[in-house]
Amino acid sequence: MQYQGEHGGSDSGPAVVHDFSSNASPLGPPPELLQAVLGADRCRYPDPDYLALRERLGAAEALDPGRVLPASGGAEAIRRLSLAAKLSGLTEVWVPQPGFGDYAAAALALGLQVQRYASAQQLSQALLQPALVWVCEPCNPTGERFSPADWLALDNALQCSASTLAVDTAYEPLRLIGASTLTQDLAERAWRLICPNKALSLTGVRAAYLLAPASSPLAEHARSVAPSWVLSSEGVALLMHWHSAETQQHLRQVRSQLTVWRDTQHDLLADMGWQQRPTGTNFWLAKPPQSGLLLPLRERGIKLRDANSFGLPGWVRLSTQSPQAQLALQSALKDLQT
Ligand SMILES: Cc1ncc(COP(=O)(O)O)c(C=O)c1O
């Protein structure tokens, strides 16, 4: 039995050499931020109130520090917000399909009713009673985004149904095309989840934060059910440097490098007969011309994310990797061609 749901990245097998299965940037962390994480004081508890951190993040996000909720990763924040939704009396949760599996897993574990939507339009039409609504923007695994019209229609549906919006922005820093069209007004009324570790190539550091709406019946629950010292000292160090000028410059370079690498990787797979969905991020969905590739690739140290658990049998999700990793994938695929 699997301990947790299916994820990309490390598994219980030998270390992955070329990891296309995690959406994390392959370009490494900014040096100053990494130094801060490595130098974090592990000999003491962090401030249980995380005051300096919340003040720093609140200033950077232009909102009151009381609205910043540190979390030990996006996965923990998703569980916590789902529990807060239940405690505040909600019984229904809407999740994107295909979408990150943790939204549904968290809701199901709490006995909440899960509703799935395939498009923003479908969600806006079907949302009729109070619910927690997850939007992942840009979306994992599709890399798709909401248009201004999508947000507008959703905003109307949220208000009519008295629902609570939670926007997971885990891939905002890895958005390679366009910009978010979430309005400031709706953002103020939504929960927002910020998960910096993927863009920073530091997924082993479990750190994220939630931004609470200006007023929300979930907020007190989301604070009170947090374990004490939910965020480690390393996590505090990471988040303290998240908005620094050096980190932001690093992220600009990451996006520009990944844009070039993504195009070469896309062309390489197209030449080998792969079907590929358009994307605005560093990852996308693709369908190989033959089945049964994942296991032999994994045996060669190359990992792709099976999209079966997203409801897409025969498809994979892959992230942009370095030219060296792309060559390794190409050579392994040639070997395995029937
Ligand atoms: C959309 C999305 N949100 C949240 C997470 C959780 O990330 P973490 O717990 O590492 O912050 C992931 C991880 O893959 C994700 O894809």
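The first residue in the sequence is number 1, and the count goes up from there. The structure presented is a predicted model; accordingly, all values stated were derived computationally and were not measured. What you see below is based on every heavy atom in this structure, not just the backbone, and it leaves out hydrogens, waters and symmetry mates.
A donor-acceptor distance shorter than 3.5 angstrom exists from the side chain of Gln248 to the backbone of Trp242, with no hydrogens or angles considered. Asp306 contributes a side-chain N or O that, together with a main-chain N or O of Asn308, makes up a donor-acceptor pair within less than 3.5 Å. Thr169 places a side-chain N or O within donor-acceptor distance of the main-chain N or O of Leu193, the cut-off being under 3.5 Å. Side-chain atoms of Ser201 come within 3.5 Å of backbone N or O of Gly28 as a donor-acceptor pair. Side-chain atoms of Ser216 do not come within 3.5 Å of backbone N or O of Pro213 as any donor-acceptor pair. Checked by atom type and distance alone, the side chain of Ser224 pairs as donor or acceptor with a backbone atom of Glu220 at under 3.5 Å. Listed for the Ser21 side chain is no donor-acceptor partner under 3.5 Å among the backbone atoms of Gly8. Judged purely by atom type and a 3.5 angstrom limit, Ser163 has no side-chain atom pairing as donor or acceptor with the backbone of Leu132. No donor-acceptor pair under 3.5 Å is formed between the side chain of Arg80 and the backbone N or O of Ala75. A distance-only check finds no donor-acceptor pair linking the side chain of Arg116 to the backbone of Val95 [under 3.5 Å].
Between Leu200 and Thr247, the closest side-chain pair of non-hydrogen atoms falls below 4.5 Å. Two residues are said to be in side-chain contact when any heavy atoms from C-beta on lie closer than 4.5 Å; Gln122 and Ser119 meet this criterion. Annotation: side chain of Leu329 is in contact with side chain of Leu269 (closest heavy-atom distance under 4.5 Å). Side chains of Val230 and Glu76 form a contact here, defined as non-hydrogen atoms less than 4.5 Å apart. In this structure, the side chains of Phe310 and Val316 stay at 4.5 Å or more apart for every pair of heavy atoms. In this structure, the side chains of Val254 and Leu174 come closer than 4.5 Å at one or more pairs of heavy atoms. The shortest distance between side-chain heavy atoms of Leu57 and Pro65 does not fall below 4.5 Å. A 4.5 Å side-chain heavy-atom check between Leu333 and Gln330 finds every atom pair outside the cut-off.
One distance of note links CG of Leu38 with CG of Leu33; it measures 9.5 Å at 0.5 Å rounding. Atoms NE2 and NE2, from His241 and His250 in turn, are 13.5 Å apart once rounded to the nearest 0.5 Å.
Partner of Trp134 under the ring pair (Phe, Tyr, Trp, His ring centres under 6.0 Å) criterion, chosen from Phe100, Trp94, Tyr103: Tyr103.
Partners of Thr279 under the side chain to side chain donor-acceptor pair (under 3.5 Å) rule, at least two apart in sequence or in another chain, are Thr281. By the ring-ring contact (aromatic ring centres under 6.0 Å, His included) test, Tyr171 is found to be paired with Phe283, residues two or more places apart in sequence or in another chain being considered.
Under the 4.5 Å side-chain heavy-atom criterion for Ile, Leu, Val, Met, Phe, Trp and Tyr, Leu294 and Leu336 are members of the same hydrophobic cluster. Placement of Leu231 and Val37 within a single hydrophobic cluster is found when ILVMFWY residues are connected by side-chain heavy-atom separations under 4.5 Å, directly or transitively. Under the 4.5 Å side-chain heavy-atom criterion for Ile, Leu, Val, Met, Phe, Trp and Tyr, Val133 and Trp191 are members of distinct hydrophobic clusters. Transitive grouping of hydrophobic side chains (ILVMFWY, heavy atoms separated by less than 4.5 Å) keeps Leu297 and Val16 in distinct clusters. A single hydrophobic cluster is not seen to contain both Leu268 and Val260; linkage of ILVMFWY side chains at heavy-atom distances under 4.5 Å, directly or through other members, places them apart.
Evaluation of the side-chain hydrogen bond (donor to acceptor under 3.5 Å, both in side chains) test over residues 229-239, restricted to residues two or more places apart or in two chains, returns Arg42-Glu234, Ser232-Glu234.
For Asn23 and Arg317, the side-chain atoms include at least one donor-acceptor pair closer than 3.5 Å. Under 3.5 Å, the side chains of Ser244 and Glu32 contain no donor-acceptor pair of N or O atoms. Residues Arg252 and Gln249 have side chains that bring a donor and an acceptor to within less than 3.5 angstrom of each other. In this structure, a donor-acceptor pair under 3.5 Å is present between the side chains of Gln276 and Trp284. Between the side chains of Thr183 and Asp185, no donor-acceptor pair is found at a separation under 3.5 Å. Checked by atom type, the side-chain pair Trp261/Ser322 shows no donor-acceptor distance below 3.5 Å. Using modelled atom types, one finds a donor on one side chain and an acceptor on the other under 3.5 Å when comparing Gln321 with Ser319.
Of all heavy-atom pairs spanning Arg79 and Ala106, the tightest one is NH1-CA, 3.7 Å. Of all heavy-atom pairs between Ser25 and Leu27, the closest is OG-N, 3.0 Å. Contact between Leu110 and Lys86 at its shortest, heavy atoms only, is O-NZ, 2.7 Å. Taking all atoms of both residues into account, the shortest heavy-atom contact from Ala15 to Arg298 is O-NH1, 4.3 Å. Here the closest heavy-atom approach between residue Leu258 and residue Pro26 is recorded as CD2-CD, 3.6 Å. Contact between Ala52 and Asp47 at its shortest, heavy atoms only, is N-OD2, 4.5 Å.
Residues Glu172 and Arg175 are paired through a salt bridge, judged by an N-O separation under 4.0 Å between the basic side chain and the carboxylate. Ion pair Asp41/Arg44 flagged as a salt bridge, since at least one NZ, NE, NH1 or NH2 atom sits closer than 4.0 Å to an Asp/Glu carboxylate oxygen. Taking 4.0 Å as the cut-off between side-chain N and carboxylate O, Asp168 and Arg192 do not count as a salt-bridged pair.
Within 6.0 Å of CZ in Arg67 there are more than 12 heavy atoms belonging to other residues, nucleotides or ligands. Atom CD of Glu246 has more than 12 heavy atoms from other residues, nucleotides or ligands within 6.0 Å.
Through ILVMFWY side-chain contacts below 4.5 Å, Leu295 is grouped with nothing and stands alone.
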Below 3.5 Å, can you tabulate the donor-acceptor pairs from side chains in residues 145-153 to any protein atom, sequence neighbours excluded?
unit_1	atom_1	unit_2	atom_2	d
Ser147	OG	Ala149	N	3.4
Ser147	OG	Asp150	N	3.1
Ser147	OG	Asp150	OD2	3.2
Asp150	OD2	Ser147	N	2.9
Trp151	NE1	Thr181	OG1	3.4

Under 3.5 Å donor-acceptor pairs involving side-chain atoms of residues 202-211, not counting sequence neighbours:
unit_1	atom_1	unit_2	atom_2	d
Arg206	NH1	Thr203	O	3.2
Tyr209	OH	Glu61	OE2	2.5

(request) Kindly indicate, with the supporting measurements, whether the criterion side chain to side chain contact (heavy atoms under 4.5 Å, CB included) is fulfilled by Leu112 and Leu90. (result) CA-CA 8 Å; Leu112 297 165; Leu90 293 175; 5.6 Å; no

(request) Evaluate the criterion side chain to side chain contact (heavy atoms under 4.5 Å, CB included) for residue pair Glu144 and Glu137; output intermediate values, then yes/no. (result) CA-CA 7 Å; Glu144 286 171 0; Glu137 217 276 345; over 6 Å; no

(message) Let's go through Glu92 and Gln115 carefully: what are the C-alpha distance in whole Å and the side-chain angles of both, what is the deciding distance for side chain to side chain contact (heavy atoms under 4.5 Å, CB included) to 0.1 Å, and is it a yes or a no?
(response) CA-CA 7 Å; Glu92 192 171 284; Gln115 307 278 8; 3.5 Å; yes

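Annotation: cation-pi pair Arg277/Trp315 present, NZ/CZ under 6.0 Å from the ring centroid and within 45° of its normal.
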